[in-house]
Amino acid sequence: MTSLPIRPAPHTGPAAGEVIVDWFAGAARDLPWRRPGVDAWAVLVSEVMLQQTPVARVEPVWREWLARWPRPSALAAASPADVIRAWGKLGYPRRALRLREAAAAIAERHGDVVPSAVPELEALPGIGTYTARAVACFGHGQRQPVVDTNVRRVVARLVHGRAEAGTARAADLDDVAVLAPVDEQRAVRFSVAIMELGALVCVAGTPRCGTCPVRDRCAWRLAGSPAHDGPARRVQKFAGTDRQVRGRLLDVLRAAPEPVDAAALEPAWDDAVQRSRCLDSLLADGLVEQTEDGLFRLPA
DNA sequence: TACTCGTGGGA
DNA sequence: TTCCCAAGAGT
């Protein structure tokens, strides 16, 4: 007699997307850019700041930016130096320059109004697949699949039964779209809800499955929570990299009220070759400029 | 596709 | 202490 595998009965309750939306109603964080009356420009600014940057660090800077530059045209009129300084230490300061360029494009091409069409959003500097849909959905109330690293991890586990998400791909959008509720209002809520689930419960380290609203239908749990089988993804080194050196150099220039000479940058990093290479790359990126008399400063 | 691009908090 | 990693985009 053949032994049949023991498996849980297929889930027959409400669809996972509906359950996640209902969970969100009671579990959502009260983040300032989610409050009523926050316009698409404020949402766009938040989304760019949140790229690879934790919520706690973004909050105060976001408030300052919106108070100072309440419309795209206001940001477009600011100098790169002001924008880079206001960016503070959020990291990846090229985002600040691109956000300013996006603001200029919105002011010039879209009448100072953040567009709602995804292709128009994706055409803006610094706005890619994720951010374009996030702005269309969260800023304009549009039904859109919004896929970030949290969502890809939730889908990997819940739908595909894998411990970790692989490399991002176009099909990720379809995976999420089929989970979304039919009702448009709930579909919009779903897009933020599944992100929140990944950020609070279905986390990268040790998932808190005990509090997960869809644990009874999670393909990964039903498969016995198998460990990740693929290649371990490389951890990004930082100490000693050009990224660290660029950060040090920019730190000096952010703090300097006047242009400085090359000697003033020496304390930032001992290795002269690497220091010079990084300064060149900052110049090339438009994060630093050289005055006529050879001094360095943030671009005026 | 794989790599680069900051920063700092928490496990 | 060391390591992981956090609402990606551009090349």
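Only heavy atoms go into these numbers, but all of them, side chains included; no hydrogens, no water, no symmetry mates. Chain identifiers are assigned alphabetically (A, B, ...) following the order of the sequence lines, protein sequences preceding nucleic acid strands; residue numbering begins at 1 within each chain.
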Quiz question: going by heavy-atom distance under 3.5 Å, is there a donor-acceptor pair between the base of C:dG8 and the side chain of A:Thr129? no
Mind checking A:Trp33 for me? I need base, sugar-phosphate or nothing, with any heavy atom below 4.0 Å counting as a touch. base
Mind checking if A:Ala134 touches a base, just sugar-phosphate, or nothing, with heavy atoms under 4.0 Å? nothing
May I ask you to say what A:Gly247 touches in the nucleic acid, namely base, sugar-phosphate or nothing, with a heavy-atom cut-off under 4.0 Å? sugar-phosphate
Basic-acidic side-chain contact under 4.0 Å: A:Arg186, A:Asp22: yes
Kindly point out which of C:dA6, C:dA7, B:dG8 is positioned nearest to the side chain of A:Tyr130? C:dA7
In this structure, how many angstroms lie between the P atom of B:dG8 and the CG atom of A:Leu50, rounded? 17 Å
Nearest whole angstrom, please: distance from the C1' of C:dA9 to the CZ of A:Arg94. 9 Å
When you get a sec, tell me which of C:dA7, B:dG8, B:dC5 is the closest nucleotide to the side chain of A:Leu31? C:dA7
Select base, sugar-phosphate, or nothing to describe what A:Arg169 touches, counting heavy atoms under 4.0 Å on all strands. nothing
For C:dA9, take OP1 and OP2 only and decide whether either is under 4.0 Å from a side-chain N or O of A:Thr131. yes
Could you tell me how far apart A:Tyr92 (OH) and C:dA6 (C1') are, to the nearest whole angstrom? 10 Å
Using a cut-off of 4.0 Å on non-hydrogen atoms, how would the nucleic acid contact of A:Thr149 be classed: base, sugar-phosphate, or nothing? sugar-phosphate
Pairwise P distance, C:dC3 and B:dG6 [rounded to whole Å]: 22 Å
Does A:Trp69 use its side chain to pair, donor to acceptor, with the backbone of A:Ala76 at less than 3.5 Å? no
Salt-bridge contact A:Asp39-A:Arg71 (side-chain N to carboxylate O under 4.0 Å): yes
A:Leu200 CG - C:dC5 C1' separation (whole Å): 16 Å
Return the nearest nucleotide to the side chain of A:Glu47; candidates are C:dA7, B:dT7, C:dC5. C:dA7
note: A:His228, atom NE2; C:dC4, atom P; distance rounded to Å ~ 13 Å
Rounded to whole Å, NZ of A:Lys89 lies from P of B:dG9 at a distance of 11 Å
Do the side-chain N or O atoms of A:Gln52 get closer than 4.0 angstrom to the phosphate oxygens (OP1, OP2) of C:dG8? yes
Classify the nucleic acid contact of A:Gly128 as base, sugar-phosphate or nothing, counting any heavy atom under 4.0 Å across all strands shown. sugar-phosphate
Determine the Euclidean distance between corresponding P atoms of B:dC3 and C:dA7; express it in Å to zero decimal places. 22 Å
Value in whole Å for how far the P atom of C:dA7 lies from CG of A:Asp172: 15 Å
Has A:Arg254 got a side-chain N or O lying under 4.0 Å from the OP1 or OP2 atom of B:dG6? no
Can you check side chain to side chain contact (heavy atoms under 4.5 Å, CB included) on A:Leu158 and A:Trp220, steps first, answer last? CA-CA 6 Å; A:Leu158 176 65; A:Trp220 181 58; over 6 Å; no
Taking every heavy atom of A:Arg215 against every heavy atom of A:Cys209, the minimum-distance pair comes out as CD-O, 3.1 Å
For A:Leu90, answer base if it contacts any base atom (sugar-phosphate contacts may also be present), sugar-phosphate if it contacts only those atoms, and nothing otherwise; contact means non-hydrogen atoms under 4.0 Å. base
Assign each of A:Arg98 and A:Arg29 the nucleotide of DNA chain C bearing its closest heavy atom; nearer the 5' end lies the nucleotide of A:Arg29
A:Glu122 or A:Val55: which one's nearest nucleotide on DNA chain C is closer to the 5' end? A:Val55
Tell me if the side-chain of A:Arg57 makes a donor-acceptor pair with the base of B:dT7, cut-off 3.5 Å, by modelled atom types. yes
The answer to which of A:Thr206 and A:Ser281 contacts DNA chain B further toward the 5' end, by nearest nucleotide, is A:Ser281
Salt-bridge test for A:Arg133 and A:Glu122: reply yes if a basic N is under 4.0 Å from a carboxylate O, no otherwise. yes
Heavy atoms from C-beta onward define the side chain here; which of C:dA6, C:dA7, B:dG6 lies closest to that of A:Arg246? B:dG6
Starting at atom CD of A:Glu196, determine the distance to atom P of C:dA7, rounded to an integer number of angstrom. 10 Å
Is it true that A:Asp280 and A:Arg277 make a salt bridge, defined as a side-chain N closer than 4.0 Å to a carboxylate O? no
